[in-house]
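Everything on this sheet refers to the single structure shown next.
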Amino acid sequence: MDTAMVGVDLERVKRFGFVHKPGGNAFYRRVYTLAEQQAYGRSPELLALCYAGKEAVSKVLGTGLTLNEPDGVSCQDIEILWNRAPDHPEARLRRKAQVAAQQLSLFKIVLYCQHIRALACAVAGGAATLQEAIQLEAALRASLGEIKAYLEKRAGARGLGGIGMEALD
Amino acid sequence: MDKEIFLAKLADVLEVNRGELDEQFELNANNWDSVAHLATIAVIDELYGATVPGNELIKCRTVGAVLELVEQNVS
């Protein structure tokens with residue numbers, strides 16, 4: 001692999017409050033797998049983090065996300081579950097997402113997710129070897145820290161310390 | 001197509017009150033994000049069992065344009 005494949009995504013947590021309304025039901029049931037629905041319930045915080053993870057991974061694959069288009073990678077083709085450290089979920093790839101990863105000769109997808117104020121932030125990268133995966137884990141963890149520091153500084157400069165990041169979107 | 005049910009759900013997707021939503025309602029960078037695109041596709045699938053191409057949906061700049069696209073894809 002000549003170039004690192006990296007994806008970053010930021011989502012407003014508040015945006016995911018709509019899953020409690022009738023218009024958000026279809027999104028909830030079609031975007032999240034049953035395992036994700038069981039793990040996260042209807043928590044906007046957790047659903048935003050999970051969705052940011054899906055987006056970041058889809059950027060690594062170079063596919064983007066769809067719901068029901070036959071040729072696209074569906075949101076449910078990328079399952080995000082926390083089985084390890086709190087900031088380090090596992091991205092399970094299925095169907096079209098798995099095919100895309102194979103075409104890129106990816107050995108592993110590395111993913112870090114974290115809340116930064118009122119945002120859900122995810123950084124992901126594709127590694128072709130175990131050695132690359134180890135290096136990528138360190139790099140992505142550091143980059144998440146950099147993003148957090150930047151957003152905190154930006155919020156501080158604007159005097160938004162107490163009201164979250166929504167105003168910056 | 002039951003436009004009223006669709007618009008009520010679209011209002012939830014766009015985080016506005018139903019009363020604010022008419023065919024001239026503008027879709028812009030503040031309200032027409034990737035979550036809104038997928039959520040609108042999901043509502044169309046739920047209500048009509050129809051698939052609307054995402055690349056066409058994201059080009060819509062008003063709610064009226066979304067309604068037209070739905071009508072084109074719902075038999």
Side-chain angles (χ1 to χ4, degrees), chain A residues 7-33 36-37 42 44-45 47-59 63-78 96 118-120 122 166-169, chain B residues 1-23 25-60 62-64 66-67 69-70 72-75:
Chain A
V8 179
D9 193 67
L10 288 169
E11 298 293 336
R12 281 185 301 128
V13 168
K14 194 177 168 188
R15 179 76 180 87
F16 289 76
F18 86 121
V19 299
H20 291 284
K21 297 181 177 178
N25 256 326
F27 175 86
Y28 179 73
R29 284 189 277 105
R30 285 161 177 77
V31 165
Y32 300 101
T33 67
E36 289 167 342
Q37 291 176 30
R42 300 253 177 181
E45 288 82 6
L47 295 176
L49 211 54
C50 176
Y51 181 80
K54 288 173 187 278
E55 281 277 8
V57 171
S58 78
K59 289 169 185 171
T63 59
L65 291 174
T66 69
L67 276 192
N68 47 13
E69 293 184 42
D71 296 331
V73 168
S74 145
C75 291
Q76 296 201 4
D77 289 350
I78 302 172
K96 294 282 169 54
L119 297 173
E166 303 96 301
L168 298 180
D169 292 347
Chain B
M1 182 175 94
D2 189 330
K3 196 190 289 186
E4 183 49 42
I5 293 175
F6 177 70
L7 288 177
K9 295 202 172 197
L10 190 59
D12 291 342
V13 167
L14 297 173
E15 301 179 287
V16 296
N17 295 320
R18 170 65 189 91
E20 296 174 53
L21 211 60
D22 58 21
E23 295 197 13
F25 186 91
E26 285 188 17
L27 304 172
N28 55 47
N30 292 324
N31 57 28
W32 202 224
D33 59 4
S34 70
V35 173
H37 301 154
L38 289 175
T40 302
I41 291 169
V43 167
I44 294 165
D45 184 31
E46 177 190 56
L47 291 178
Y48 312 115
T51 301
V52 171
N55 59 353
E56 290 183 32
L57 185 73
I58 63 175
K59 291 177 192 165
C60 293
T62 63
V63 165
V66 174
L67 287 169
L69 187 62
V70 173
Q72 286 166 14
N73 286 277
V74 173
S75 52

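Throughout, a chain's letter reflects where its sequence line sits, starting with A, and its residues are numbered from 1.
Contact of B:S34 with chain A is made through backbone and side chain together, with heavy-atom distances under 4.5 Å. Both the backbone and the side chain of A:R15 come within less than 4.5 Å of a heavy atom of chain B. In this structure, the portions of B:A36 lying under 4.5 Å from any heavy atom of chain A include both its backbone and its side chain. Looking at A:Y28, neither its backbone nor its side chain comes within 4.5 Å of chain B, counting heavy atoms on both sides.
A pairwise comparison of heavy atoms in B:D12 and A:F18 identifies O-CB, 3.7 Å as the closest pair. Taking each heavy atom of B:A42 and A:F27 in turn, the nearest pair found is CB-N, 3.6 Å. Closest non-hydrogen pair, A:R30 versus B:E46, comes out as NH2-CA, 3.3 Å.
Judged by distance alone, the side chains of B:T51 and A:E69 never bring a donor and an acceptor atom under 3.5 Å apart.
Within 6.0 Å of CD on B:E20 lie more than 12 heavy atoms contributed by other residues, nucleotides or ligands.
Salt bridge status for A:K21 with B:E15: absent, with no side-chain N to carboxylate O gap under 4.0 Å.
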* To do: Kindly determine whether B:L38 and A:C75 satisfy side-chain contact (heavy atoms from CB on, under 4.5 Å), including the steps that lead there.
  => CA-CA 9 Å; B:L38 289 175; A:C75 291; 3.7 Å; yes

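To the nearest 0.5 Å, atom OG1 of residue A:T66 and atom CG of residue B:N55 are 11.0 Å apart.
The residue among B:L10, B:I5, B:D33, B:V43 with the most heavy atom pairs within less than 4.5 Å of chain A is B:D33.
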